[in-house]
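To start, the structure under review is shown below, and the notes come after it.
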Amino acid sequence: MSELRLSLFEHPDGYETAAGSSVLYDVLANEAHVGAARVEGRALRFELGEHDVNGAKLSVPVALERSTDWLLRCDRVDFPPGGVAYRHVHPGPGIRCLLFGEIRIEAEGHSQVYKPFEAWFESGPEPVFAAGSPQVATAFVRVLLLPRQWEGKRTIRYVDPADEEKPKTQR
């Protein structure tokens with residue numbers, strides 16, 4: 001096992017990354033760039049490694065099995081007004097950052113409401129319930145740290161198999 005840090009940095013006036021284990025998310029264009037990239041406007045930088053966490057919005061230690069080939073995956077999740085994600089887990093940890101709307105996250109016996117550009121961490125195996133704002137659309141961007149075998153695959157697994165059959169309000 002080795003321990004690295006998964007961190008999120010916010011750059012209101014843009015940012016340029018070099019090659020490495022980072023994802024640069026262009027908020028205005030709704031585009032994620034892996035490795036070397038440049039964003040002119042508001043950017044979110046997700047970084048994995050042994051880096052200086054000074055100025056990070058959120059930085060979390062993650063333990064990685066050395067024998068596993070890992071990947072960073074960035075995607076965006078959107079909820080219509082009143083949308084929910086039933087109690088679920090993922091095969092790896094990740095940081096999420098709310099882009100707009102409001103979201104309530106229930107995990108590990110706690111419930112917290114997040115506003116735009118607030119961030120939270122999900123461990124992966126710990127069940128999470130998410131409820132978007134009842135009044136407005138909600139979206140967040142997330143970077144997951146996943147075993148490479150999950151590349152291109154859906155990562156959500158519902159705790160109650162019956163929830164799999166319910167209509168999905170998030171995409």
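Using a 4.5 Å cut-off between side-chain heavy atoms of Ile, Leu, Val, Met, Phe, Trp and Tyr, with links allowed through other members, Y25 and V77 fall into different hydrophobic clusters. Hydrophobic clustering, with ILVMFWY side chains joined whenever heavy atoms are under 4.5 angstrom apart, groups V141 together with V34. Follow the hydrophobic side-chain contacts under 4.5 Å out from L71 and you never reach L48; the two are in separate clusters. Neither F129 nor L144 shares a network with the other; the hydrophobic side chains, linked directly or stepwise wherever heavy atoms of I, L, V, M, F, W or Y lie under 4.5 Å apart, form separate groups for each. No path of Ile, Leu, Val, Met, Phe, Trp and Tyr side chains, each step under 4.5 Å between heavy atoms, connects V89 with L6, placing them in separate hydrophobic clusters.
Annotation for G92 and L146: closest pair N-CD2, 3.9 Å, computed over non-hydrogen atoms. Nearest approach of P127 to V159, heavy atoms of both residues: CB-CG2, 3.8 Å. Nearest heavy-atom pair, V23 versus C74, reported as atom, atom and distance to 0.1 Å: CG1-CB, 3.7 Å. Residues I103 and A130 approach most closely at CD1-CB, 4.0 Å, considering heavy atoms. Heavy atoms only, all atoms of each residue included: H88 and H90 are closest at CD2-NE2, 3.3 Å. Taking every heavy atom of both residues into account, P81 and A137 meet most closely at CG-N, 3.8 Å.
The structure places CZ of R38 at 12.0 Å from NE2 of H33, a figure rounded to the nearest 0.5 Å. A distance of 5.5 Å separates CZ in R96 from CZ in R142, rounded to the nearest 0.5 Å. Remark: F46 CZ to S7 OG distance equals 11.0 Å, nearest 0.5 Å. The structure places CZ of F100 at 9.5 Å from CZ of F117, a figure rounded to the nearest 0.5 Å. Annotation: the span from F9 atom CZ to S59 atom OG amounts to 6.5 Å, rounded to 0.5 Å.
Relative orientation of the Y15 and H11 rings is parallel, given thresholds of 30° and 60° on the angle between their planes.
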Requested in this report: Evaluate the side-chain contact (heavy atoms from CB on, under 4.5 Å) criterion for residues R45 and L24: first the C-alpha distance (whole Å), next the side-chain angles of each, then the deciding distance (0.1 Å), finally the verdict.
Outcome: CA-CA 5 Å; R45 176 173 47 107; L24 190 61; 3.9 Å; yes
Requested in this report: Output, in order, the C-alpha distance, side-chain angles, deciding distance and verdict of side-chain contact (heavy atoms from CB on, under 4.5 Å) for L72 and L145.
Outcome: CA-CA 5 Å; L72 284 175; L145 184 57; 4.0 Å; yes
Report task. Please test H51 against R5 for side-chain contact (heavy atoms from CB on, under 4.5 Å), starting from the C-alpha separation and ending with a verdict. Result -> CA-CA 7 Å; H51 50 270; R5 295 197 75 81; 4.1 Å; yes
Query - Test side-chain contact (heavy atoms from CB on, under 4.5 Å) applied to Y114 and I105, step by step - result: CA-CA 8 Å; Y114 294 91; I105 302 296; 3.8 Å; yes
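Atom CZ of R148 sits in a crowded spot, with more than 12 heavy atoms from other residues, nucleotides or ligands closer than 6.0 Å. The number of heavy-atom neighbours closer than 6.0 Å to CD of E50, taken from other residues, nucleotides and ligands shown, is 12 or below.
Considering V143, I95, L99 as possible partners of L44, the one that fulfils the side-chain contact (heavy atoms from CB on, under 4.5 Å) test is L99. For the pairing with Y158, the side-chain contact (heavy atoms from CB on, under 4.5 Å) check across K166, E164, R87 returns one residue only, E164.
Between C97 and L8 the shortest side-chain heavy-atom distance falls below 4.5 Å.
Judged by distance alone, with hydrogens and angles left aside, the side-chain atoms of T155 form no donor-acceptor pair with the main-chain N or O of P91 at under 3.5 Å. Under a 3.5 Å cut-off, the side chain of T68 and the backbone N or O of W70 do not form any donor-acceptor pair.
Donor-acceptor pairing under 3.5 Å is lacking for the side chains of E118 and W120.
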